[in-house]
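Okay, structure first, notes after.
Keep in mind the model is a prediction, meaning the values are calculated, not measured.
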Amino acid sequence: MPKPIVFIVDDDAEAGIDVLPTGLNIGEPDGSDSFSLRLTSQPTAKVSVGLSASGDECTVAPASVDLDATNWANGTTATVTAVNNLVAM
């Protein structure tokens with residue numbers, strides 16, 4: 001009787017989010033730039049990512065993005081826009 005062959009598969013698909021570029025430089029009064037978000041592996045369900053600015057000098061749109069089996073690899077884009085705070089620097 002032949003011996004069974006055992007296979008072990010190491011799953012190298014780690015869950016994560018890539019954001020590119022990792023930094024933006026925008027200026028007042030109405031400068032803007034975009035960044036992209038994509039998942040590092042295909043999700044088994046929809047992944048919602050909330051987006052917000054840490055202060056009041058810029059806004060981010062949209063407020064959240066959804067990544068799923070149809071767009072995880074190509075990702076989606078968000079835009080950061082400067083807010084004119086009327087303070088001279």
Side-chain angles (χ1 to χ4, degrees):
M1 182 165 163
K3 290 185 175 184
I5 299 173
V6 177
F7 293 96
I8 298 173
V9 177
D10 290 328
D11 187 358
D12 64 351
E14 293 186 32
I17 300 175
D18 283 338
V19 178
L20 293 173
T22 57
L24 300 175
N25 186 10
I26 57 175
E28 291 180 5
D30 58 1
S32 67
D33 204 349
S34 298
F35 63 96
S36 64
L37 298 95
R38 72 174 193 92
L39 300 178
T40 58
S41 61
Q42 184 172 350
T44 58
K46 178 175 74 171
V47 176
S48 295
V49 180
L51 304 173
S52 64
S54 62
D56 60 358
E57 293 187 359
C58 64
T59 61
V60 181
S64 68
V65 295
D66 293 331
L67 298 163
D68 58 27
T70 65
N71 67 353
W72 70 274
N74 292 329
T76 189
T77 301
T79 301
V80 179
T81 303
V83 174
N84 190 354
N85 60 10
L86 302 175
V87 176
M89 299 298 276

Given 3.5 Å as the limit, does a donor-acceptor pair link the side chain of Asn71 with the main chain of Asp66, or not? yes
Working to the nearest 0.5 Å, report the span between [atom1] of [X] and [atom2] of [Y].
| X | Y | atom1 | atom2 | result |
| --- | --- | --- | --- | --- |
| Thr76 | Leu67 | OG1 | CG | 6.5 Å |
| Ser48 | Asp68 | OG | CG | 9.5 Å |
| Thr81 | Glu57 | OG1 | CD | 14.0 Å |
| Leu51 | Phe35 | CG | CZ | 5.0 Å |
| Ile17 | Thr40 | CD1 | OG1 | 8.5 Å |
| Gln42 | Thr70 | CD | OG1 | 9.5 Å |

Check the pair Asn84, Asp30 against side-chain contact (heavy atoms from CB on, under 4.5 Å), reporting the backbone distance first and the verdict last. CA-CA 7 Å; Asn84 190 354; Asp30 58 1; over 6 Å; no
Closest approach of [X] and [Y], non-hydrogen atoms and distance?
| X | Y | answer |
| --- | --- | --- |
| Ala69 | Pro43 | N-CG, 4.1 Å |
| Ser41 | Ala15 | OG-CA, 3.8 Å |
| Val60 | Ala53 | CG2-N, 3.9 Å |
| Gly27 | Ala82 | O-CB, 3.4 Å |
| Ile26 | Cys58 | CD1-CB, 4.4 Å |

Verify same cluster id: Val83, Leu24 (apolar side-chain graph, 4.5 Å): no
May I ask whether Val80 and Val19 are part of the same hydrophobic cluster, defined by side-chain heavy atoms of I, L, V, M, F, W, Y residues being less than 4.5 angstrom apart, directly or through others? yes
Using the salt bridge (charged side-chain N to carboxylate O under 4.0 Å, His left out) rule, take Asp18 and Arg38 through it: C-alpha gap first, then chi angles, then the decisive distance, then the call. CA-CA 5 Å; Asp18 283 338; Arg38 72 174 193 92; 3.0 Å; yes
For a quick check under 3.5 Å, do Thr79 and Ser34 share a side-chain donor-acceptor pair by atom type? yes
Heavy-atom side-chain proximity of Asn25 to Asp33 below 4.5 angstrom: no
